[in-house]
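No hydrogens, no waters, no symmetry mates; every other heavy atom, side chains included, goes into these values.
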Amino acid sequence: MKNNTYELVAPCHFGMEAVLKREILDLGYEISAVDNGKVTFRADAEGICRANIFLRTTERILLKVAEFEAFTFDELFENIKALPWDRYIPKDGKFWVAKASSVNSQLFSPSDIQRIVKKAMVESLKQTYHQEWFTEDGAEYPLRISILKNVVTVGLDTTGISLHKRGYRKYTAPAPVTETLAAAILLLSPWKKDRILVDPFCGSGTILIEAAMIAMNMAPGMNREFTAEGWTNLIPKKEWYSTVEEASDLLEEEADLNLQGYDIDGEVLKMARANAALAGVDKQIHFQQRDIINFSSPKKYGFVISNPPYGERLSSKKEMELLYRTIGNIIRENETWSFFLLSGFEEAQKAIGKKATKNRKIYNGMIKTYLYQYMGIKPPRY
């Protein structure tokens, strides 16, 4: 089954679809659709391994089994039952609906959707395997069902624990930015590894750790496990081994980087240092306790990419305005630097006192945030 091509669905943060699309194209796969919050592409068994191990900005990789319309639970049942489940799930496979979501659809009860899909799958497998009962003591095949405007998308979850959980973030500060979102912001920016990067509100260090991993060509999934590693009926074990080997070969451990992380809170910096060590990038990042007011650098050209506090660590709107006024002063004093600021503070631009070059709306979890991009004067080309 190695040469079978599948349609794979990669969900991402709303507003970051273009970044994920570019990542998938760079891996060498063909895009079949780009929708709000997801990119669909075609790949073989090896592609499932490579997408899980190499992609930085997706939450998981779903193997798309089917898509169909359903307006009633009977239609849902019959459509699921008609699918060739034996192609995907062996006799001893453990299968269940890990998550069901429904938006603007007549079928809106997640628990009912989960129950009916499972029942229909059992009926289908009874017919193909000619048995009445399944032990379900083999590999795990979790499903995700999403229904949007009565269109049902059925996907097998190849990933398991979300891809933003790289394994290094054991310690978190309040209101952290996820690993996938941090990577997406970095990839969206023109920052390159030969330029200084400062995060003056580094918190638990996520943005800088992701920057180090990008600069070192460190695959984000090379040190973790995936649900589909047990799917030997679909993906030969050697595909996983060869992909990890590919990731190891691409790693540039001796990258010469200038990554600086500041935070006013010494305890938070301890977390950041511990996380960087777990990620294997602690030698690439310099953390120090410093207030944003004391921002300075001997470098003429550089980048600030940061997620400043917006409410959780500040108690009043007045404090917020004061902080963003300070940021505005720093932007004006460093006109050759570019600033990328992810903030949920609606009046950030007003307090900064300068209109952003670009402003992009992004959902960080359920929080509506904006990525304010202030592009500095570019260095001269020699």
Trainee: Walk me through whether T72 and D74 qualify under side chain to side chain donor-acceptor pair (under 3.5 Å).
Mentor: CA-CA 5 Å; T72 66; D74 282 345; 5.3 Å; no
Trainee: Taking the side chain as every heavy atom from C-beta outward, state whether I214 and K193 have any atom pair closer than 4.5 Å.
Mentor: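 Side chain of I214 against side chain of K193, heavy atoms only: no contact under 4.5 Å found.
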Trainee: Would a 4.5 Å heavy-atom cut-off, applied to side chains only, mark Q131 and L125 as touching?
Mentor: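 Not touching, per the 4.5 Å side-chain cut-off.
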Trainee: CD of Q106 to CG of L76: how many Å apart, nearest 0.5 Å?
Mentor: 12.5 Å
Trainee: Report yes or no: do D282 and Q284 form a side-chain donor-acceptor pair below 3.5 Å?
Mentor: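 The criterion, which ignores hydrogens and geometry beyond distance, is not satisfied for Q284 and D282.
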Trainee: Quiz question: by atom type and distance under 3.5 Å, do the side chains of T243 and E46 form a donor-acceptor pair?
Mentor: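 Absent: no donor and acceptor within the cut-off.
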Trainee: Can you find a heavy atom in the side chain of K119 that is under 4.5 Å from one in the side chain of F77?
Mentor: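 In contact.
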Trainee: Give me the one residue out of L63, I48, T158, D44 that meets side chain to side chain contact (heavy atoms under 4.5 Å, CB included) with I235.
Mentor: I48
Trainee: Can you tell whether the side chains of R50 and E239 come within less than 4.0 Å, N to carboxylate O?
Mentor: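 Salt bridge: no.
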Trainee: Is it true that a side-chain atom of E17 and a backbone atom of N36 form a donor plus acceptor pair closer than 3.5 Å?
Mentor: no
Trainee: Around L25, counting heavy atoms of other residues, nucleotides and ligands shown, do more than 12 lie under 6.0 Å from its CG?
Mentor: yes
Trainee: Minimum heavy-atom separation for Q114 to A100, with atom names?
Mentor: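 Closest heavy-atom pair between Q114 and A100: CG-CB, 3.9 Å.
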Trainee: For the pair S248 (side chain) and E246 (backbone), establish whether a donor and an acceptor sit closer than 3.5 Å, ignoring hydrogens and angles.
Mentor: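 No, S248 side chain to E246 backbone: no donor-acceptor pair under 3.5 Å.
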Trainee: Tell me whether M213 shares a hydrophobic cluster with L186, the cluster being built from Ile, Leu, Val, Met, Phe, Trp, Tyr side chains joined at under 4.5 Å.
Mentor: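 In one cluster with M213: L186, yes.
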Trainee: May I ask you to decide if R332's main-chain N or O and E335's side chain share a donor-acceptor pair within less than 3.5 Å?
Mentor: no
Trainee: Does atom NZ of K118 have more than 12 heavy-atom neighbours from other groups under 6.0 Å away?
Mentor: yes
Trainee: Applying a strict under-4.5 Å side-chain criterion to I, L, V, M, F, W and Y, I'd like to know whether I24 and V34 cluster together.
Mentor: yes
Trainee: May I ask you to decide if the ring planes of F134 and F95 are parallel, tilted or perpendicular, using 30° and 60° as cut-offs?
Mentor: perpendicular
Trainee: Is the shortest side-chain N to carboxylate O distance from K64 to E67 below 4.0 Å?
Mentor: yes
Trainee: Of the options W85, W231, Y88, which is the one that meets Y141 in a ring pair (Phe, Tyr, Trp, His ring centres under 6.0 Å)?
Mentor: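 Exactly one pass, corresponding to W231.
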Trainee: Decide whether L8 and I89 are clustered together by the hydrophobic rule: side chain heavy atoms of Ile, Leu, Val, Met, Phe, Trp, Tyr closer than 4.5 Å, transitively.
Mentor: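 Per the 4.5 Å side-chain linkage, L8 and I89 are co-clustered.
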Trainee: Does E225 have more than 12 heavy atoms from other residues, nucleotides or ligands lying within 6.0 Å of its CD?
Mentor: no
Trainee: If you compare all heavy atoms of A10 against all heavy atoms of L20, which two are closest, and at what distance to 0.1 Å?
Mentor: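 Taking A10 first and L20 second, the nearest heavy atoms are O-CD2, 3.4 Å.
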Trainee: Is Y372 reachable from L322 through a run of I, L, V, M, F, W or Y residues, each pair having side-chain heavy atoms under 4.5 Å apart?
Mentor: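 No; tracing contacts between hydrophobic side chains, which count when under 4.5 Å, never links both residues.
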Trainee: Any idea how Y363 and F14 line up, ring-wise: parallel (<30°), tilted (30 to 60°), or perpendicular (>60°)?
Mentor: perpendicular
Trainee: Just wondering, more than 12 heavy atoms not from Y241 lying within 6.0 Å of its OH?
Mentor: no
Trainee: Is it the case that the side chain of T128 and the backbone of D86 share a donor-acceptor pair, with hydrogens and angles ignored and the cut-off at 3.5 Å?
Mentor: no
Trainee: Is there a donor-acceptor contact under 3.5 Å from the side chain of T369 to the main chain of S343?
Mentor: no
Trainee: Do any N or O atoms from the side chain of S204 and from the backbone of M271 form a donor-acceptor pair under 3.5 angstrom?
Mentor: no
Trainee: Drop me the distance from R42's CZ to I31's CD1, to the nearest 0.5 angstrom.
Mentor: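 So the CZ of R42 and the CD1 of I31 are separated by 12.0 Å.
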Trainee: Could you tell me whether the side chain of V65 reaches within less than 4.5 Å of the side chain of L143, counting heavy atoms only?
Mentor: no
Trainee: Identify the two heavy atoms, one from R224 and one from S162, that lie closest to each other, and give their separation to 0.1 Å.
Mentor: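 Scanning both residues completely, I find the closest heavy atoms to be NH1-O, 3.0 Å.
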Trainee: Considering non-hydrogen atoms only, spot the tightest contact between L323 and P309 and give its length.
Mentor: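 Scanning both residues completely, I find the closest heavy atoms to be CD2-CD, 3.9 Å.
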Trainee: Can you see which heavy atom on I53 is nearest to which on A219, and at what distance?
Mentor: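 Where I53 meets A219 most closely, the heavy atoms are O-CB, 3.4 Å.
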Trainee: Does CD belonging to E253 count more than 12 external heavy atoms closer than 6.0 Å?
Mentor: no
Trainee: Spell out, yes or no, whether I80 and F71 are grouped together once hydrophobic residues are joined by side-chain heavy atoms under 4.5 Å, including indirect joins.
Mentor: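 They do not share one cluster, since no chain of ILVMFWY contacts under 4.5 Å joins I80 to F71.
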Trainee: Going from NZ on K21 to CD on E23, what distance comes out if it is rounded to the nearest 0.5 angstrom?
Mentor: 14.0 Å
Trainee: In terms of heavy-atom contacts, does CZ of F108 have more than 12 from other residues, nucleotides or ligands at under 6.0 Å?
Mentor: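 Check fails, neighbour count at 12 or below.
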Trainee: What I'd like to find out is whether the side chain of V281 reaches to under 4.5 Å of the side chain of Y168, using heavy atoms alone.
Mentor: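 No, side chains not in contact.
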Trainee: Is any side-chain heavy atom of V97 closer than 4.5 Å to a side-chain heavy atom of I113?
Mentor: no
Trainee: How close do V198 and P200 get, counting heavy atoms only, and between which atoms?
Mentor: O-CD, 3.6 Å
Trainee: Tell me whether S32 contacts the main-chain N or O of T40 through its side chain, where contact means a donor paired with an acceptor under 3.5 Å.
Mentor: yes
Trainee: When the aromatic ring centroids of Y262 and F201 are compared, is their separation below 6.0 Å?
Mentor: no
Trainee: Please say whether more than 12 non-hydrogen atoms of neighbouring residues, nucleotides or ligands are located less than 6.0 Å from NZ in K126.
Mentor: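 Yes, NZ of K126 has more than 12 neighbouring heavy atoms, counting only those of other groups under 6.0 Å.
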Trainee: Any donor and acceptor pair, going by atom type alone, linking the side chain of S109 with main-chain N or O of D112 inside 3.5 Å?
Mentor: yes
Trainee: Any salt bridge linking R60 with D157? Criterion: basic side-chain nitrogen under 4.0 Å from a carboxylate oxygen.
Mentor: yes
Trainee: For L107, is there any backbone N or O sitting under 3.5 Å from a side-chain donor or acceptor partner on S102?
Mentor: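 Yes.
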Trainee: Side chains of T159 and T227: does their closest heavy-atom pair fall under 4.5 Å?
Mentor: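 Of all side-chain heavy-atom pairs linking T227 with T159, none is under 4.5 Å.
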Trainee: Check salt bridge (Lys or Arg N to Asp or Glu O under 4.0 Å) between K270 and all other residues, then give those that pass, not counting sequence neighbours.
Mentor: E267
Trainee: Look only at the side chain of K378 and the backbone of M375, and say whether a donor-acceptor pair between them is shorter than 3.5 Å.
Mentor: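 It does not hold such a pair.
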Trainee: Using a strict 4.0 Å threshold on nitrogen-to-oxygen distance, state whether E179 and R169 make a salt bridge.
Mentor: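 So E179 pairs with R169 through a salt bridge.
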Trainee: Check whether any side-chain heavy atom of F41 lies under 4.5 Å from a side-chain heavy atom of E7, and answer yes or no.
Mentor: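 No, their side chains stay 4.5 Å or more apart.
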Trainee: So how far is it from C202 SG to N307 CG, rounded to the nearest 0.5 Å?
Mentor: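 Going from the SG atom of C202 to the CG atom of N307 covers 11.5 Å.
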Trainee: Do W337 and F303 have ring centres separated by under 6.0 Å?
Mentor: no
Trainee: Let me confirm one number: the CD-CG distance from E59 to L181, rounded to the nearest 0.5 Å.
Mentor: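 Rounded to the nearest 0.5 Å, the CD-CG separation comes to 9.0 Å.
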Trainee: Classify the ring geometry of F339 against F295: parallel below 30°, tilted from 30° to 60°, perpendicular beyond 60°.
Mentor: tilted
Trainee: Quick check: are there more than 12 heavy atoms from other residues, nucleotides or ligands sitting under 6.0 Å from CG of D249?
Mentor: yes
Trainee: How about S306 and D199: does a side-chain donor come under 3.5 Å of a side-chain acceptor?
Mentor: yes
Trainee: In sequence, state the C-alpha distance, the side-chain angles, and the governing distance for T178 and H13, and then conclude on side chain to side chain donor-acceptor pair (under 3.5 Å).
Mentor: CA-CA 10 Å; T178 67; H13 283 274; 3.2 Å; yes
Trainee: Is it true that K350 and E321 have a side-chain N and a carboxylate O under 4.0 angstrom from each other?
Mentor: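 Looking at K350 and E321, the cut-off is not met.
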